[in-house]
**Q** 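I have a structure here, written as structure tokens, and I will follow up with some questions on it.
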Amino acid sequence: MAATATAKATAKAADPDSGKKAADKGKAADKAGKGSPQTGGGGSGASAEPVKLRDRFEIHPDKPIPDLDTPSAKAFEVQDRRGAGRALYALIGRADTLQRTTVMRALRGMQNPGMLQFIEGGTIDWPPEGRKVIASIYERPAGGKVMADLNATIDVISDQFFAKKVIKPLHDALAELRSRSVTHRAIRPDNVYFFDAKGDRLVLGDCLTTPPGYDNPALFEPIETALCRPEGRGSGHYSDDMFSLGVTLLFLMLGTNPVRGRDPEEVMRQRLEQGSYATLAGENRVPLSMIEPLRGLLHDDSRERWTLEQLDLWLNGRRLTPLQPRMEKRAQRSFKIGNNEFATARGAAYGLMKNWDKALGIIKEGRLEVWLRRGLEDNERADQLSTVIKVVEALPGDKRGQGDLMVARCIMVLFPEAPLSFRNVRCTLDGFGPALASTMMRKGDVKPFADMVTWDVVKYWVQAQSVYNPEHTQAEQNFRDMRIFLANKNKGYGIERIAYEQNENMPCLSPFVETEHVSEIRELLPALENASKSADTKTWPVDRHIAAFTASRYERDLTPQLKAMEDPEPERQALGMLSLLAVLQWRLGPEALFGLTSWLGGLVTPVVNSYHSRERRKRMEKEIPRVVRKGSLPELYNLLDNAEERGADHEGFETAKAEYAQAKRQITALETGQAARDENATRMGHQAAAVGAVIVGLLTILLLLLVRLF
């Protein structure tokens with residue numbers, strides 16, 4: 001059963017790029033210490049200090065293991081300092097690729113004979129790239145890969161032992177994963193290994209270093225996810241793994257790629273027209289005993305596809321009725337889109353996806369509707385298409401977005417189960433988040449994702465489905481929440497907030513901390529502390545990414561701080577930013593942040609200047625260096641925004657304003673002579689009052705005398 005030397009030689013000969021790869025490796029080896037970022041050179045004279053993970057595992061950057069590389073990760077030797085005696089290796093994924101770090105918790109400690117044991121994983125400092133990356137440590141398989149690559153040719157395994165030695169262990173591994181609520185999503189022949197040197201035990205390989213389904217060629221994905229961008233396939237369902245298992249079994253029982261040498265686009269079109277089983281297995285000599293499970297596993301309808309229970313029944317000798325795929329209705333005459341012709345509705349949908357810029361013209365000209373009525377004789381679908389066109393044309397908004405929505409909705413009419421499609425974005429419901437994250441991590445254009453949310457594409461997709469699924473209702477609510485975030489243009493919201501909300505494991509992409517791979521909120525302030533050593537301290541340390549990352553990861557409401565950061569008054573902006581970071585240090589630590597506090601201390605001048613009392617300002621300017629030396633953001637915030645000080649300053653300012661106003665009035669009176677006139681008037685008033693008083697007194701005495709006389 002083990003792969004022979006002849007098989008390996010055949011594999012190299014079968015790979016058209018093998019010569020180029022060998023030459024590239026030779027060139028890399030000649031550059032001592034100047035290899036690729038992930039291999040760290042690997043030349044004979046190169047040496048590097050091992051990198052430690054959890055103070056236990058030592059990963060050697062200068063000891064790569066090319067035979068265990070995956071399409072998106074490089075393999076390196078690992079030593080366990082506790083001397084457990086196991087052979088280990090580490091996979092270092094790409095820094096610009098989202099990895100399944102949340103799944104690590106579910107796989108840690110899992111022991112199953114059908115899967116490589118995941119030992120440990122986490123963030124490490126990786127000198128070859130000069131940044132932090134994610135490392136995943138596995139038990140090392142002694143026998144290597146079953147197929148070196150997907151164009152390899154290997155010795156076929158006897159039908160007599162195939163079920164026991166191939167299907168059974170892979171089935172058990174998937175059953176274990178399902179019990180942990182995890183899908184593998186990386187099942188393919190070059191990710192299946194001989195665990196022992198004799199080749200008696202097969203195990204599934206890594207499923208952590210990329211987004212789900214990312215490294216799988218479209219051939220190994222059900223049609224709905226095969227049409228997606230690789231990063232947009234999503235975790236999917238267990239039925240997706242069953243399809244990948246079926247294709248993998250077909251490869252192994254034939255000993256080669258069943259569609260080797262054929263154009264992947266042609267294979268995809270044929271799958272849409274004839275079905276996956278007919279395309280992959282139809283022209284190959286499949287063992288009679290394996291036709292039944294292959295038909296079940298490669299069924300294009302996920303509801304009819306075999307489950308683990310059905311495969312288990314087959315393994316135990318129960319024979320099931322072979323499933324016959326429902327054939328798509330074919331048109332009497334094909335419909336040309338671009339350079340290809342299509343005879344089915346879902347084939348035409350694929351043509352529109354691949355020719356997006358031409359699709360709108362084809363739809364508006366009415367040719368597609370005419371073909372549906374005359375060629376496919378599907379008046380119901382043609383009526384739906386006509387209604388969609390009229391409804392979309394009546395919607396307000398920019399013409400470009402309106403046109404894209406029209407194409408997207410027409411694809412839904414032709415092929416309701418197709419992925420969400422909008423310009424160059426094609427993804428599943430749960431693949432939207434990873435696709436957006438990957439685009440952001442690679443500095444790509446995120447506008448199509450924003451437009452998908454703005455134009456409510458998910459709502460129309462759910463309406464197009466023929467079968468109710470409660471998960472669709474949840475997805476609609478999820479996208480409604482996204483629209484609220486997108487409508488808010490302030491820091492802490494927008495497309496950045498959507499990305500972090502939809503990806504629990506997405507690291508913060510702020511330029512200040514991007515190389516630190518900050519994926520948890522506790523890691524943010526230490527990363528900013530490191531950034532303070534080299535950052536331009538005249539810039540604000542809280543940008544859109546840090547604000548959105550903090551708002552999505554911190555469990556308490558930060559709306560007041562985010563709102564203050566958008567205040568038109570500079571002192572309110574500074575206080576909002578300081579309050580945001582001070583709350584994090586107060587709740588999460590660390591105790592001292594000398595560099596970050598110094599950075600912020602240089603940006604709070606507007607806050608100091610917002611006090612009216614010069615004496616208070618001078619006192620604060622003297623206090624700030626003392627607080628900076630303590631490294632306490634909460635204390636700096638309390639110094640600058642003390643309620644009592646604010647109140648006293650306001651009261652004193654109001655008193656000073658009143659005194660100033662009175663003094664100003666007096667000065668004005670003196671300058672205009674009004675003060676002298678007022679003084680004369682006062683004196684004359686006093687005199688008049690005195691005379692009046694005397695007269696009143698005399699009259700009173702006179703009246704008293706008259707009373708006595710009479």
Side-chain angles (χ1 to χ4, degrees), residues 1-4 6-8 10-11 112-117 139 141-178 184-207 216-217 219-220 238-258 260 276-277 280-281 284-299 305-320:
M1 181 175 176
T4 63
T6 303
K8 292 183 178 179
T10 308
N112 186 284
M115 188 166 176
L116 280 182
Q117 185 180 356
E139 197 166 4
K145 296 179 180 180
V146 173
M147 291 185 76
D149 60 70
L150 298 180
N151 286 320
T153 299
I154 62 172
D155 293 339
V156 296
I157 299 168
S158 170
D159 298 352
Q160 182 180 358
F161 303 105
F162 194 87
K164 179 180 179 181
K165 292 190 175 183
V166 179
I167 302 179
K168 178 62 174 172
L170 301 185
H171 166 277
D172 292 347
L174 292 180
E176 177 73 22
L177 288 174
R178 190 177 67 173
H184 191 280
R185 304 297 283 111
I187 303 173
R188 56 187 186 276
D190 62 346
N191 197 29
V192 178
Y193 299 83
F194 293 114
F195 186 77
D196 57 331
K198 295 181 179 180
D200 291 331
R201 175 182 162 196
L202 263 66
V203 290
L204 281 177
D206 167 68
C207 64
N216 277 359
L219 188 66
F220 290 86
Y238 307 113
S239 62
D240 299 330
D241 277 342
M242 298 304 290
F243 186 91
S244 300
L245 175 63
V247 180
T248 299
L249 296 179
L250 180 61
F251 268 64
L252 298 182
M253 68 180 62
L254 296 176
T256 188
N257 184 341
R260 180 177 169 185
S276 295
Y277 177 80
L280 302 180
N284 292 283
R285 298 182 61 182
V286 178
L288 201 59
S289 60
M290 294 302 301
I291 292 178
E292 183 183 350
L294 284 179
R295 280 190 180 276
L297 292 171
L298 298 181
H299 204 293
R305 192 173 301 141
W306 269 21
T307 63
L308 284 170
E309 288 73 18
Q310 289 170 302
L311 185 58
D312 185 57
L313 288 173
W314 182 85
L315 286 170
N316 286 293
R318 181 176 175 181
R319 295 298 175 253
L320 306 173

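Keep in mind that what you see is a predicted model, and the values were worked out from it rather than measured.
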**Q** Less than 4.5 Å apart, any side-chain heavy atom of Leu174 and any of Tyr238?
**A** no

**Q** Which heavy atom of Leu219 sits nearest to which heavy atom of Phe243, and what is that distance?
**A** O-CE2, 3.8 Å

**Q** From Ser289 OG over to Leu294 CG, what is the distance, rounded to the nearest 0.5 angstrom?
**A** 9.5 Å

**Q** Look up atom CG in Asp241 and atom CG in Leu297, then write down how far apart they are to the nearest 0.5 Å.
**A** 11.5 Å

**Q** Quick check: closest heavy atoms across Val146 and Ile154, and the distance to 0.1 Å?
**A** O-CG2, 3.5 Å

**Q** Looking at every heavy atom in both Leu150 and Pro217, which two are closest together, and how far apart are they?
**A** CD1-CG, 3.4 Å

**Q** Any chance you could lay out the side-chain contact (heavy atoms from CB on, under 4.5 Å) test for Tyr277 and Ile291, step after step, and finish with the verdict?
**A** CA-CA 10 Å; Tyr277 177 80; Ile291 292 178; 3.5 Å; yes

**Q** Going by heavy atoms in the side chains, are Phe251 and Val192 under 4.5 Å from each other?
**A** no

**Q** Can Arg188 be said to sit on top of Phe220's aromatic six-ring, NZ or CZ under 6.0 Å from centre and within 45° of the ring axis?
**A** no

**Q** Donor-acceptor pair, distance only, cut-off 3.5 Å: does the side chain of His184 make one with the backbone of Gly205?
**A** yes

**Q** Does Leu311 reach the side chain of Met242, with side-chain heavy atoms less than 4.5 Å apart?
**A** yes

**Q** Does a side-chain heavy-atom distance below 4.5 Å link Leu280 with Val247?
**A** yes

**Q** Which atoms form the tightest heavy-atom contact between Gln310 and Arg305, and what is the distance?
**A** OE1-O, 3.7 Å

**Q** Please round to the nearest 0.5 Å and tell me the distance separating atom OH of Tyr193 and atom NZ of Lys145.
**A** 5.0 Å

**Q** Evaluate side chain to side chain donor-acceptor pair (under 3.5 Å) for Ser244 paired with Arg185, printing each intermediate quantity in order.
**A** CA-CA 8 Å; Ser244 300; Arg185 304 297 283 111; 4.5 Å; no

**Q** I want to check a possible cation-pi pair here: Lys165 against Phe161, using under 6.0 Å from ring centre and within 45° of the ring axis as the test.
**A** yes

**Q** Can you tell me how far CG of Asn112 sits from CG of Leu177, rounded to the nearest 0.5 angstrom?
**A** 7.5 Å

**Q** Would you sort out whether Glu309 and Arg318 count as a salt bridge (Lys or Arg N to Asp or Glu O under 4.0 Å), showing the intermediate values?
**A** CA-CA 11 Å; Glu309 288 73 18; Arg318 181 176 175 181; over 6 Å; no

**Q** Could you walk me through whether Ser158 and Gln160 satisfy the side chain to side chain donor-acceptor pair (under 3.5 Å) test, starting with their C-alpha distance in whole Å, then the side-chain angles of each, then the deciding distance to 0.1 Å, before giving a yes or no?
**A** CA-CA 5 Å; Ser158 170; Gln160 182 180 358; 4.5 Å; no

**Q** Using every non-hydrogen atom in the two residues, find where Asn191 and Asp206 come nearest and quote the distance to one decimal.
**A** ND2-O, 2.9 Å

**Q** Got a sec, which residues hit side chain to side chain donor-acceptor pair (under 3.5 Å) with Asp312, two or more places apart in sequence or on another chain?
**A** Asn316

**Q** Side chains of Val286 and Met253: does their closest heavy-atom pair fall under 4.5 Å?
**A** yes

**Q** Taking the side chain as every heavy atom from C-beta outward, state whether Glu292 and Trp314 have any pair of such atoms under 4.5 Å apart.
**A** yes

**Q** Scan Leu254, Leu252, Thr248 and name whichever one has a side chain to side chain contact (heavy atoms under 4.5 Å, CB included) with Leu250.
**A** Leu254

**Q** Glu176: which residues meet the salt bridge (Lys or Arg N to Asp or Glu O under 4.0 Å) condition with it, sequence neighbours left out?
**A** Arg180

**Q** Supply the atom-to-atom distance Phe194 CZ to Asp196 CG, rounded to the nearest 0.5 angstrom.
**A** 9.0 Å

**Q** For Leu298 and Ser276, work out which heavy atoms get closest and say how close.
**A** O-CB, 3.8 Å

**Q** Just how far is it from atom CE of Met147 to atom CG of Asn257, taken to the nearest 0.5 Å?
**A** 7.0 Å

**Q** Of all residues at least two apart in sequence or in a different chain, which pass the side chain to side chain donor-acceptor pair (under 3.5 Å) check with Asp172?
**A** Lys168

